[in-house]
Amino acid sequence: MIRTVRVLPLLLLMPALLTACGTEKAGGAGAADPAELASRAQALGIAPELVYVTEAPGFTLAQQSVGVYGDDGFSAVYFSRKTGAQLQLYVDRGTLTTRSCPTQPVRDATVDRTSCTRDGDAWYRSAGEQSEYAVPKKGYVVRVGGDGVPRDVLRAAAHKVHRPSADELDALLPSAAPAATEPVERGDLPTVGDGAPNNNPGAGG
């Protein structure tokens with residue numbers, strides 16, 4: 001089944017980019033806590049082991065683009081304010097081999113045949129105007145693609161894919177919603193009758 005990766009309009013990306021300024025490279029705080037990562041990812045229907053981030057000079061994470069891909073995969077968009085280009089990172093379950101690579105479409109490409117070139121541990125894949133780097137992992141594949149993004153930029157971003165640090169997780173996924181609390185008891189609700197608020201005037205009313 002072909003799954004479409006979201007390409008976000010420029011006007012939708014700008015508010016998130018303005019608030020995300022300075023978080024393009026958010027490493028340095030150590031690996032994210034596995035329990036916290038799992039809580040935040042699962043709140044969005046994402047399998048925690050499929051959450052990855054990358055780095056690319058001139059590209060900034062658009063936080064509002066982060067979401068589930070396919071059944072429980074992960075996707076995010078990185079945006080260049082200078083060129084308007086979008087770098088798409090997505091992770092989904094599956095495998096990629098010499099035999100299967102040419103048969104798997106590149107995102108939403110309309111051509112039937114995919115060109116595959118081995119590049120270290122990754123594959124450079126192209127079909128029509130679509131291209132991506134795919135990095136096979138154990139039971140899933142990490143892909144970095146983008147329309148009009150040069151191959152060397154895709155390659156560098158694919159080389160930089162990694163599990164999020166604590167700081168990167170804060171920029172990537174929102175905190176899980178807090179648990180529901182007990183309702184606050186209102187003092188103007190009578191204990192008898194139909195429960196309507198008590199609006200009788202006081203002594204000075």
Side-chain angles (χ1 to χ4, degrees), residues 1-14 16-17 24 41 44-164 172:
M1 179 177 64
I2 299 175
R3 293 167 176 151
T4 303
V5 178
R6 289 172 294 175
V7 178
L8 302 184
L10 173 60
L11 292 178
L12 292 179
L13 283 169
M14 290 308 296
L17 291 170
E24 183 173 340
L44 298 178
I46 301 169
E49 66 272 21
L50 303 184
V51 177
Y52 275 77
V53 294
T54 189
E55 302 169 19
F59 285 83
T60 303
L61 171 71
Q63 195 281 326
Q64 73 180 67
S65 72
V66 176
V68 65
Y69 176 73
D71 294 329
D72 62 352
F74 171 81
S75 68
V77 173
Y78 292 76
F79 176 76
S80 170
R81 285 193 280 275
K82 182 178 180 180
T83 66
Q86 295 185 29
L87 193 66
Q88 300 149 15
L89 168 67
Y90 50 111
V91 188
D92 200 13
R93 301 189 188 279
T95 59
L96 199 63
T97 65
T98 302
R99 175 174 294 183
S100 66
C101 183
T103 67
Q104 297 185 21
V106 180
R107 302 197 308 282
D108 54 354
T110 57
V111 298
D112 295 331
R113 189 70 176 176
T114 299
S115 173
C116 296
T117 303
R118 191 74 180 183
D119 191 342
D121 294 333
W123 291 92
Y124 176 68
R125 310 175 68 244
S126 60
E129 297 181 356
Q130 307 282 346
S131 60
E132 69 178 18
Y133 263 87
V135 185
K137 301 289 185 179
K138 189 175 181 179
Y140 59 93
V141 182
V142 181
R143 306 173 192 267
V144 180
D147 299 341
V149 179
R151 177 176 174 176
D152 61 330
V153 176
L154 295 179
R155 185 179 190 275
H159 181 71
K160 290 285 189 178
V161 295
H162 60 277
R163 299 282 282 164
L172 190 71

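Every heavy atom of this structure was used, including side-chain atoms; hydrogens, water molecules and symmetry mates were not. These numbers come from a predicted model, not from an experiment. Residue numbers count from 1 along this sequence.
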- Results of side chain to side chain donor-acceptor pair (under 3.5 Å) for T117 - residues two or more places apart only: none
- Item | CG on L87 to CG on D147, rounded to 0.5 Å | 11.0 Å
- Residue pairs meeting disulfide bond (SG atoms under 2.5 Å apart), one or both in residues 53-82, sequence neighbours left out, come to none
- So do the side chains of R151 and Y133 get within less than 4.5 Å of each other, counting heavy atoms only? yes
- Shortest non-hydrogen contact between V66 and A76, atoms and distance: CG2-CB, 4.0 Å
- Identify whether the distance between the nearest side-chain nitrogen and carboxylate oxygen of R93 and D71 falls below 4.0 Å. no
- Is it true that atom CZ of R118 has more than 12 heavy atoms of other residues, nucleotides or ligands lying nearer than 6.0 Å? yes
- Message: Tell me every residue that passes side chain to side chain contact (heavy atoms under 4.5 Å, CB included) with V142, counting only those two or more places apart in sequence or in another chain.
- Response: Y52, L89, V91, V135, K137, Y140, V161
- Item | T103: side chain to side chain contact (heavy atoms under 4.5 Å, CB included) partners, not counting sequence neighbours | S100
Donor-acceptor list for residues 120-129 side chains, cut-off 3.5 Å, not counting sequence neighbours:
{"residue": "R125", "atom": "NH1", "partner": "E132", "partner atom": "OE2", "Å": "2.4"}
{"residue": "R125", "atom": "NH2", "partner": "C101", "partner atom": "O", "Å": "3.2"}
{"residue": "R125", "atom": "NH2", "partner": "Q104", "partner atom": "O", "Å": "2.3"}

- How far apart are the closest heavy atoms of G45 and V68, and which atoms are they? O-CG2, 3.5 Å
- Note on the structure: Note: S75 and Y69 closest approach over all heavy atoms is CB-CB, 3.9 Å
- Query: Looking at side-chain heavy atoms only, is the closest gap between L172 and F74 below 4.5 Å?
  - Reply: yes
- salt bridge (Lys or Arg N to Asp or Glu O under 4.0 Å) filter on R163, not counting sequence neighbours, yields none
- Hey, is the main chain of A157 close enough, under 3.5 Å, to the side chain of Y78 for a donor-acceptor pair? no
- Validation row: R107, R143 side chains within 4.5 angstrom (heavy atoms): no
- Interatomic spacing from CD in Q130 to CD in Q88 - rounded to 0.5 Å: 7.5 Å
